[in-house]
Amino acid sequence: MDMHTVVVGTSGTTADDVIAVARQGARVELSAAAVEALAAAREIVDALAAKPEPVYGVSTGFGALASRHISPGLRAQLQRNIVRSHAAGMGPHVEREVVRALMFLRLKTLASGRTGVRPEVAQTMADVLNAGITPVVHEYGSLGCSGDLAPLSHCALTLMGEGDAEGADGVVRPAAELLAAHGITPVELREKEGLALLNGTDGMLGMLVMALADLKSLYTSADITAALSLEALLGTDKVLAPELHAIRPHPGQGVSADNMLRVLAGSGLTGRHADITSDAPRVQDAYSVRCAPQVNGAGRDTLAHGRLVADRELASAVDNPVVLPDGRVESNGNFHGAPVAYVLDFLAIAAADLGSITERRTDRLLDKNRSHGLPPFLADDAGVDSGLMIAQYTQAALVSEMKRLAVPASVDSIPSSAMQEDHVSMGWSAARKLRTAVTALARIVAVELYAATRGVELRAAEGLTPGPASLAVIEALRAAGVRGPGPDRFLSPDLAAADAFVREGRLIAAVEPVTGPLA
């Protein structure tokens, strides 16, 4: 576990803190202000619980059963039962980083002092995170409305010492055993607390935050690979001139064009259209080359919108009912996942289009009729070997998958809870498919990287002079063992290693000493 500590206060958290806890194992600590706010809100809930009038979530049933008033003697049982009954997820286990993000973001809302739980409930959640205990959460069970109910319920079971969880060693055991091993006392829930542990958009938000971080790196990587493909295809860098992008001032477009221009600085391969003679002289590059900044840039602008929504959610307290500053406890609809679900779907659409244009450049590099002098399929001995032919097949299969994943989840709604919850967001589903899409996109970019650098090497063998950035990438690929000397390296391309090279940010790291920091 990382010894870095994230302090959770009353005013929300940051994307960096989510990633630190979810992926880097950062420790979590409640601020003094958060503990004070938790105690103050709990006093209000206790006062309401003592009154004869029914209050939703405190002295009533839930959802379609909200009309039933629950007597004081049954309220603790009610809170336990809502967790147990809602822990009804099915399917494969959700990734550890997703569950940690889910729990941390629920803790963020608890610490706001708007949920009415006791300080010890929040502290127990922090203790579970710090012990490296990860509740077993399943793929299916959230409709993205009234919160990520089943996923959060499985987390709440762990706090109660029930259900299964994964220890820091990766072994799944009964939660009670793991809590006892770390000296953590299971929580005995009181009024409002079971509901407060379940009623948030934390799962979909956590996945959004991590997808935004991954896609930011992938869009920069895609700018680099697009530039390398332009170079290998002897394209022109004139279309990247800042003055051209200034007259259509979409921010992301300008950033992508600038990244590509810096990668191509000093190249002797660009702008060679006039040197190519054929029956149909090339006047312009194909759209997949010439319009890369427009497509990559539009995706970057979609990321910017996603970050805006994520930042708003990270500053929010999502629960129902909530304790307001004036002491009122009010029902609301802030648990609805629509704001998050929409951007998750937007991002999947933009990522699919980036994958599509990336594959088109790869295909152009492999086609001797469109590659302007490169050998068929970039093979060392075309016919004796097939070069990167099937690598493009793999890339095309991934693009096809991304197109299916781009079908929005947020346009669907299946009513639940006897029509009380008659419009839901499906935001959890949108988040789950986006995670798959991000993985596919990294692989697609990796195939273009493999092909484009092969094309640049072949141009160098012709006596042309590649740019310093492309040479730095080729050297880094060889140093990482992704590529070795000799023609046999292309008989079985190491695409998995290329994928890791992209996903781990090593492509960007290889280029930036030459280009300076890329956006």
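Since the structure is predicted, the reported quantities are computational estimates derived from the model, not experimental observations.
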Are [X] and [Y] within salt-bridge range, i.e. N to O under 4.0 Å?
X: Arg503; Y: Asp214; answer: no
X: Arg42; Y: Glu191; answer: yes
X: Asp311; Y: Arg307; answer: no
X: Glu53; Y: Lys51; answer: no
X: Glu95; Y: Arg23; answer: no
X: Glu475; Y: Arg478; answer: no
X: Glu97; Y: Arg435; answer: yes
X: Asp319; Y: Lys192; answer: yes

Would you indicate whether the side-chain heavy atoms of Thr225 and Val502 approach each other to under 4.5 Å?
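No. Closest side-chain heavy atoms not under 4.5 Å.
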Would you call Pro151 and Val94 a side-chain contact if the rule is heavy atoms closer than 4.5 Å?
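They are not in side-chain contact.
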Roughly how far, to the nearest 0.5 Å, is CG of Leu129 from SG of Cys155?
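Reported to 0.5 Å precision, the distance equals 9.0 Å.
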Value rounded to 0.5 Å, distance of CD1 in Ile444 from CG in Leu449
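Answer rounded to 0.5 Å: 14.0 Å.
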Arg118-Thr124 side chain donor-acceptor pair, cut-off 3.5 Å
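Result is no, nothing qualifies.
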Are a donor atom and an acceptor atom from the side chains of Ser146 and Glu421 found within less than 3.5 Å of each other?
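Yes, Glu421 and Ser146 have a side-chain donor paired with an acceptor closer than 3.5 Å.
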Shortest non-hydrogen contact from Leu198 to Ser153?
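Nearest heavy atoms, Leu198 then Ser153: CD2-OG, 3.4 Å.
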Set of residues satisfying ring-ring contact (aromatic ring centres under 6.0 Å, His included) with respect to His250, sequence neighbours excluded
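Applying ring-ring contact (aromatic ring centres under 6.0 Å, His included) to His250 gives none.
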